[in-house]
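Bear in mind that the values here come from a model prediction, so they are computed numbers and not experimental data. In what follows, chains are A, B, ... by sequence order, proteins preceding strands, each numbered from 1.
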There are 2 protein chains.
Amino acid sequence: MASTDGARATAGRPRLSGSVGESPRLDVIREATALFVAKGYAETTMSEIARNAGLRQSSVYYWFARKEHILQALLEDNRGSLSVAKALHHARDAAAARLYAVLHADAVQLCASPLDFYEFERVARSQPQNFGAFFDDYSELHRLTASIIRQGTESGELRPVDPDVAATAALGLGEGLQRHFRQPLPGLRAYTADEVSSLSADTTLASLLADREALPAVRSQAAGLRAAESTPVENARAESAPAESASAES
Amino acid sequence: MASTDGARATAGRPRLSGSVGESPRLDVIREATALFVAKGYAETTMSEIARNAGLRQSSVYYWFARKEHILQALLEDNRGSLSVAKALHHARDAAAARLYAVLHADAVQLCASPLDFYEFERVARSQPQNFGAFFDDYSELHRLTASIIRQGTESGELRPVDPDVAATAALGLGEGLQRHFRQPLPGLRAYTADEVSSLSADTTLASLLADREALPAVRSQAAGLRAAESTPVENARAESAPAESASAES
DNA sequence: CGCGGTTTCGATAACCTATGGAAAAGGATG
DNA sequence: CATCCTTTTCCATAGGTTATCGAAACCGCG
């Protein structure tokens with residue numbers, strides 16, 4: 001067993017590098033995050049992570065039995081937009097404004113995440129047993145989005161559409177656009193996270209609103225929701241234990 | 001030098017496997033395509049490609065100096081929607097219908113491609129000198145799409161928007177949605193290529209049309225364009241020469 | 001001082017892309 | 001037919017990757 005988490009262990013063989021980061025596990029996560037942001041997951045090697053964290057390649061495996069487990073540790077607060085959707089799902093405000101707020105928050109989240117959504121999805125798909133929470137979160141976000149859309153169509157704010165399909169299009173747009181923020185294609189202009197988020201929500205709402213003249217009003221109403229909603233969640237999850245007990249299989 | 005292409009060479013050391021596919025180069029492309037479709041590019045190894053094509057791993061390198069070059073050979077007819085956009089760019093038909101046709105064709109193309117758009121983009125980005133054509137095609141597609149949108153806004157068919165930004169959203173939606181066709185997320189319904197394509201074009205036009213009541217008419221008008229446009233291009237490109245003369249660098 | 005627990009290290013297996021040189025054919029030439 | 005040249009394939013291997021294993025180095029405690 002290892003120290004629960006960052007509990008700077010006083011025991012153990014000293015590092016060859018001499019460095020003594022306050023917590024090996026969190027050090028690895030921090031350095032890995034920086035590298036993932038800079039180069040992407042697949043292009044980052046365990047050797048680089050180890051070097052930046054001040055240990056040897058094989059030592060990283062004491063804290064994370066597999067490379068994907070580092071990613072998993074990063075996942076913890078992914079799709080935080082889910083909490084926004086949950087909070088707004090039953091709110092009394094206009095459905096259109098709530099939808100705008102959810103889509104905007106989702107796109108912001110996708111842009112701010114250390115990892116490209118698609119790269120994440122690829123890894124998750126190859127390790128379903130470890131990333132089940134990811135897919136659960138996604139399908140719940142989709143369900144809640146569809147539900148808000150349904151409320152909108154029923155109240156007449158939104159034009160009649162299949163809520164499920166419309167939710168897929170709305171989320172898919174956000175995912176497609178985050179890429180243009182993250183990796184601007186040569187020859188095309190680059191977008192900021194905020195431009196992308198507004199573009200995503202604007203486009204979807206312009207497509208769904210029964211009365212498109214209402215868009216500016218919806219937009220500012222959503223901004224109000226966002227402000228009210230920003231109760232700092234502060235999800236400082238406690239990580240624990242090294243070498244994830246090997247689970248069952250591969 | 002090797003035979004130009006598929007010219008079934010009568011010379012050369014015989015294969016250990018005894019097989020004699022009609023053309024080594026095309027055999028490799030065919031088998032690689034099948035594997036890429038089934039498992040994706042990154043997950044397919046040169047050994048597998050070689051085995052399926054009937055030769056040894058290192059022999060594949062006689063025909064393709066690098067793994068990405070196989071992909072490059074597949075690229076040839078990628079984004080064929082570009083030809084649709086080119087053809088429709090100056091047509092006299094309503095801009096909205098032309099936009100619909102381009103977006104629909106683009107999504108169909110993305111779904112039919114042997115490789116996920118994002119996987120392709122990832123490889124292209126790591127080998128810019130070999131995949132310059134890919135980025136050129138993309139930016140031209142973007143330019144033409146924006147141009148059609150501008151025509152629409154000027155004629156009043158579409159609501160006033162920044163054509164460049166709207167084109168990014170339109171193409172990004174198609175890219176995001178192709179993923180839902182290609183890799184349905186667990187817990188969500190799967191979509192057919194046609195559903196995805198129509199959803200992409202419908203959503204964008206619903207967002208951009210000045211008079212949304214016109215959508216059904218636009219849709220059927222676009223179908224007409226598509227039918228008229230389908231002059232089979234038959235781009236049977238002639239591949240040539242093995243081991244791409246090593247180009248310059250890496 | 002010896003002992004168990006903790007953390008790190010070095011060596012190494014297994015797999016991957018890519019290279020270099022030799023081997024095995026056919027065809028041309030004398 | 002003996003030889004040389006071209007074409008295609010093969011084997012061996014370098015160098016990079018993820019992951020495993022056993023041993024080494026340090027702590028505190030009896």
OP1 or OP2 of D/dT8 under 4.0 Å from side-chain N/O of B/Trp63: no
Are A/Tyr41 and A/Phe36 close enough that their ring centres sit under 6.0 Å apart? yes
Just N and O in the side chain of A/Arg66: are any of them under 4.0 Å from OP1 or OP2 of D/dA19? yes
Contact between A/Gln72 and A/Arg66 at the side-chain level, heavy atoms closer than 4.5 Å - yes or no? no
Looking only at side-chain atoms of A/Glu68, point me to the closest of D/dA19, C/dC9, D/dC11. D/dA19
Atom NZ of B/Lys67 and atom P of C/dT17 are separated, to the nearest Å, by 5 Å
Figure out the OH/P separation between A/Tyr62 and D/dA23, and round it to whole Å. 17 Å
For DNA chain D, whose closest nucleotide is more 5', that of B/Ser59 or that of B/Gly12? B/Gly12
For B/Ala50, does its backbone N or O pair with a side-chain atom of B/Glu31 as donor and acceptor, under 3.5 Å? no
Residues in residues 32-52 of chain A with a heavy atom under 4.0 Å of DNA chain C, by number, are none
What's the CG-P distance between A/Leu71 and D/dT18, to the nearest Å? 13 Å
From OH of A/Tyr61 over to C1' of D/dG22, roughly how many Å is that when rounded to an integer? 18 Å
Do B/Glu48 and B/Arg51 sit within salt-bridge range, that is, some charged N less than 4.0 Å from a carboxylate O? no
Pairing of A/Asp164 and B/Arg189 as salt bridge, 4.0 angstrom limit: no
Rounded distance (Å) that lies between atom P of C/dC16 and atom CZ of B/Phe64: 20 Å
Apply the test side chain to side chain contact (heavy atoms under 4.5 Å, CB included) to residues B/Ile29 and B/Thr33: give CA-CA distance (whole Å), side-chain angles for both, the deciding distance (0.1 Å), then the verdict. CA-CA 6 Å; B/Ile29 293 180; B/Thr33 304; 4.0 Å; yes
Determine whether A/Arg122 and B/Glu43 satisfy the following criterion, side chain to side chain contact (heavy atoms under 4.5 Å, CB included), listing intermediate values before the conclusion. CA-CA 11 Å; A/Arg122 159 203 292 287; B/Glu43 289 73 24; 3.1 Å; yes
Round to a whole Å and report the spacing from CZ of A/Arg13 to P of D/dA23. 13 Å
If you only use heavy atoms from C-beta on, which nucleotide in C/dA24, D/dA12, D/dC26 is closest to the side chain of B/Pro14? C/dA24
Whole angstrom value for the distance that separates C1' of D/dT20 from CD of A/Gln57: 10 Å
C/dA25 P sits how many Å from B/Arg15 CZ, rounded? 15 Å
